Amino acid sequence: MSGDFNPIHIDHEFAKTTPFRRPIAHGLLVFSAASGLGLFSPPMRTLALLNVKEWQFKGPIFIGDTIRVRSAVLSKEVRARGRRGEVSWQRQIVNQEGKIVQEGVTVTLVQGRAAIAHTGETKDEAKVED
């Protein structure tokens with residue numbers, strides 16, 4: 001799916017010769033899947049990913065693993081007179097054993113309250129909490 005055909009991701013025999021002993025998921029593919037999971041934690045209308053900072057790939061993700069995303073807001077800045085906001089997030093991707101496999105800071109542009117008032121959405125549908 002990512003287009004990365006490195007044998008560590010697709011060749012079981014090759015993977016046996018690596019420290020992981022089996023194929024691992026492409027790290028950026030996992031990052032991409034986690035980006036989608038983060039859209040609903042909390043739910044809001046994300047307009048753009050602006051920045052990825054200090055991202056670390058801490059451990060392998062194997063075929064069949066389950067991942068989840070932990071999110072914490074580090075900072076918020078109002079933009080465009082409240083129509084948009086910039087949110088800095090601490091994100092952790094955690095596997096089914098509770099081990100952090102990736103983590104770092106992402107910055108997103110989100111729809112603000114002034115834009116919500118203009119579109120007629122309810123506050124709960126798309127707001128960023130104070």
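As the structure is a prediction and not an experimental result, all values here were calculated from the model.
The distance from the CZ atom of Arg84 to the CD atom of Glu86 is 11.0 Å, given to the nearest 0.5 Å. Atoms CZ and CD1, from Arg70 and Ile100 in turn, are 5.5 Å apart once rounded to the nearest 0.5 Å. With rounding to the nearest 0.5 Å, the separation of OG1 in Thr66 from CD in Glu97 is 10.5 Å. Annotation: the span from Thr106 atom OG1 to Gln90 atom CD amounts to 8.5 Å, rounded to 0.5 Å. Once rounded to the nearest 0.5 Å, the distance linking CG of Asn95 with CD of Gln102 reads 11.0 Å.
A side-chain donor-acceptor contact under 3.5 Å links Thr18 to the backbone of Phe20.
Residue Asp4 comes nearest to Asn6 through the heavy atom pair OD1-N, 2.9 Å, listed as atom of the first residue, atom of the second, then distance. Between Ser88 and Val107 the shortest heavy-atom distance is OG-CG2, 3.6 Å. Closest approach of Val30 and Ala25 over heavy atoms only: CG2-CB, 3.8 Å. Ile93 and Phe31 make their closest contact through CD1-CA, 4.2 Å (heavy atoms, listed as atom of the first residue, atom of the second, distance). Smallest separation of non-hydrogen atoms from Pro23 and Ala15: N-CB, 3.3 Å.
Taking 4.5 Å as the limit, some side-chain heavy atom of Leu28 sits within range of a side-chain heavy atom of Phe57. Between His9 and Ile24 the shortest side-chain heavy-atom distance falls below 4.5 Å. Here the side chains of Leu74 and Trp89 are not in contact, with every heavy-atom distance at 4.5 Å or above. Between Ile67 and Leu37 the shortest side-chain heavy-atom distance falls below 4.5 Å.
One hydrophobic cluster, built from ILVMFWY side chains closer than 4.5 Å, holds both Leu49 and Val69.
A 6.0 Å sphere centred on CD of Gln96 holds more than 12 heavy atoms belonging to other residues, nucleotides or ligands.
Between Arg79 and Glu77 there is a salt bridge, since at least one side-chain N of the basic residue sits less than 4.0 Å from a carboxylate O of the acidic one.
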